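Each ligand, and each atom within it, is numbered from 1 in the order the structure gives. On a predicted model such as this, the values are computed, not experimentally measured, just so you know.
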Amino acid sequence: MTPEEQRCDAVIWSAGRLRLLDQRLLPAQECYLDYADAPAVAAAITDMVVRGAPAIGIAAAYGVVLSIARHEGSPGWRKNVEEDVECLRQSRPTAVNLMWALDHMQSLVAGETEGSRALALAEKGAIAIHEADRRNNERMGSLGVDAIRKLSGDGPHVMMTHCNAGALATGGYGTALGVIRSAWKAGILARVHMDETRPWLQGSRLTAWELLRESIPAVLNADGAAAHLIRQQGVSWVVVGADRVAANGDAANKIGTYGLAILARHHGARVMVVAPTSTIDMSLSSGAQIPIEERTGDELLRYGNQLLGIEGCPVANPVFDVTPAELIDLLVTEKGVVEQPDSQKMEQLMARDSGPLSGSGSNG
Ligand code: MRU
């Protein structure tokens, strides 16, 4: 087993091949699948073998490398690669990191007519996206802890999280779970309550798996228990990730985040959204323009082959919602922290310089 497999990295690139940890099977099985072409990577994103906004972007970037490797020897290879990029772009609609990573990869190889040189450039570029994501998460972890200390002291704080915004959803360490990991190391976390996150169970299957492996005190709850627990357990911080943040600070994240933010405001808990700037889409003026993915009703009606509901029952299954900026106390990015985000503060944030692999701020 490689060190990456031992750590259970979601995305592994090794000797020109892509390995994805099959998150559909966790926590029962830790199983890696190998990918050799871009359409298969696109299908893996659609089917949620790999999921979580930054991890999807990283997998897609490697998908572009696989595409160039497959086609570069043939005449007209660029057209085939463009078709693959389009296929990757269509794999999931909400997380803008996917579009950001594909735009970045396309711009890296745009001027390169020599196939083997394009391949070398693309591989270097995808590895850089992957490594920068992990670095950004570690930076956001410490910025998040500093912000918690500044606003509400050393605690120790009771926190709540929703979905999985951890190492499994990113290049490593995690966004929301990065802050939670750093808070635990800093001694300012009492425990974290984890919403199970119906219907795909990212909380009970993935977040619980990550946190318990590291002995971080974590307690699972049904989504519907959140209001009761926030009040009864004195939750002071709700810490979540994001899939796309609009230019006014509205943030799309896993379905249920919006409701959780309302509960937090009612009970005097603060809401922290942790996301790299590759998740920020400055081309959308508000969250109303963010495309919300609808997935099959079977996610609610069945678990595996077992029918849980009534065959044929009409189902609404939007898998993301938008939390309005006015309910967000802090937006933590690798470029810095924004208190009560709004359009002006978002522009100022994006104008800050923090190296080549901070987000471009456009969905291209
Ligand atoms: O449908 P998923 O599992 O891809 O949704 C993931 C989330 O909503 C995460 O909270 C978000 O991508 C942030 S991950 C760092």
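Atom 5 (O) of ligand 1 has Lys254 CE, 3.3 Å as its closest protein atom, hydrogens excluded (heavy atom only). Here the protein heavy atom with the shortest distance to atom 8 (O) of ligand 1 is Asp243 OD1, 2.8 Å. Nearest non-hydrogen protein atom to atom 14 (S) of ligand 1 is Ala169 CB, 3.5 Å. Among all non-hydrogen protein atoms, the one lying nearest atom 13 (C) of ligand 1 is Ala242 O, 3.4 Å. The closest protein non-hydrogen atom to atom 15 (C) of ligand 1 is Thr175 OG1, 3.0 Å. Nearest protein heavy-atom contact of atom 9 (C) of ligand 1 is Asn253 OD1, 3.4 Å.
Salt-bridge formation is not detected for the pair Glu334/Arg139: no Lys NZ or Arg NE/NH1/NH2 atom is positioned less than 4.0 Å from an Asp or Glu carboxylate oxygen. Between Arg198 and Asp223 there is no salt bridge, since no side-chain nitrogen of the basic residue lies less than 4.0 Å from a carboxylate oxygen of the acidic one. Under the 4.0 Å criterion applied to side-chain N and carboxylate O atoms, Asp243 and Arg51 are not assigned as salt-bridge partners. Classification of Glu210 and Arg181 as a salt-bridged pair holds, one side-chain N sitting under 4.0 Å from a carboxylate O.
For Arg213 and Trp209, the positive end sits near the middle of the six-membered ring, less than 6.0 Å away and at most 45° from its axis. Seen from the ring of Trp100, Arg244 does not count as a face-on cation partner, given the 6.0 Å and 45° thresholds.
If you check the side chains of Asp84 and His71, you find a donor sitting under 3.5 Å from an acceptor. Side-chain atoms of Asn248 and Ser286 form no donor-acceptor pair, as typed in the model, at a separation below 3.5 Å. Between the side chains of Thr207 and Asn164, at least one donor N or O sits under 3.5 Å from an acceptor N or O. A donor-acceptor contact closer than 3.5 angstrom is absent between the side chains of Ser116 and Glu72.
For Arg92, the heavy-atom gap to ligand 1 drops under 4.0 angstrom. The closest approach between any non-hydrogen atom of Pro54 and ligand 1 is below 4.0 Å. A heavy-atom separation below 4.0 Å is found between Met48 and ligand 1. In this structure, Val274 falls outside the shell of residues with a heavy atom less than 4.0 angstrom from ligand 1.
Neither the backbone nor the side chain of Trp200 comes within contact range of ligand 1; no heavy atom lies under 4.0 Å. Contacts with ligand 1 closer than 4.0 Å are made by side-chain heavy atoms of Thr170 only, the backbone lying farther away. Looking at Ala165 against ligand 1, both its backbone and its side chain come within 4.0 Å, counting heavy atoms.
Under a 4.0 Å criterion applied to the non-hydrogen atoms of Phe320, ligand 1 contributes the atoms 1 (O), 5 (O), 8 (O). Less than 4.0 angstrom separates some heavy atom of Gln202 from each of these atoms of ligand 1: 1 (O), 2 (P), 3 (O). Each of the following atoms of ligand 1 lies closer than 4.0 Å to a heavy atom of Cys163: 5 (O), 6 (C), 7 (C), 8 (O), 9 (C), 10 (O).
For the pair Thr257/Asp321, a side-chain contact is recorded, criterion being any heavy-atom separation below 4.5 Å from C-beta on.
The shortest N or O to N or O distance between Ala53 and ligand 1 is under 3.5 Å. In terms of polar-atom proximity, defined here as any N/O pair under 3.5 Å, Gly52 does make such a contact with ligand 1.
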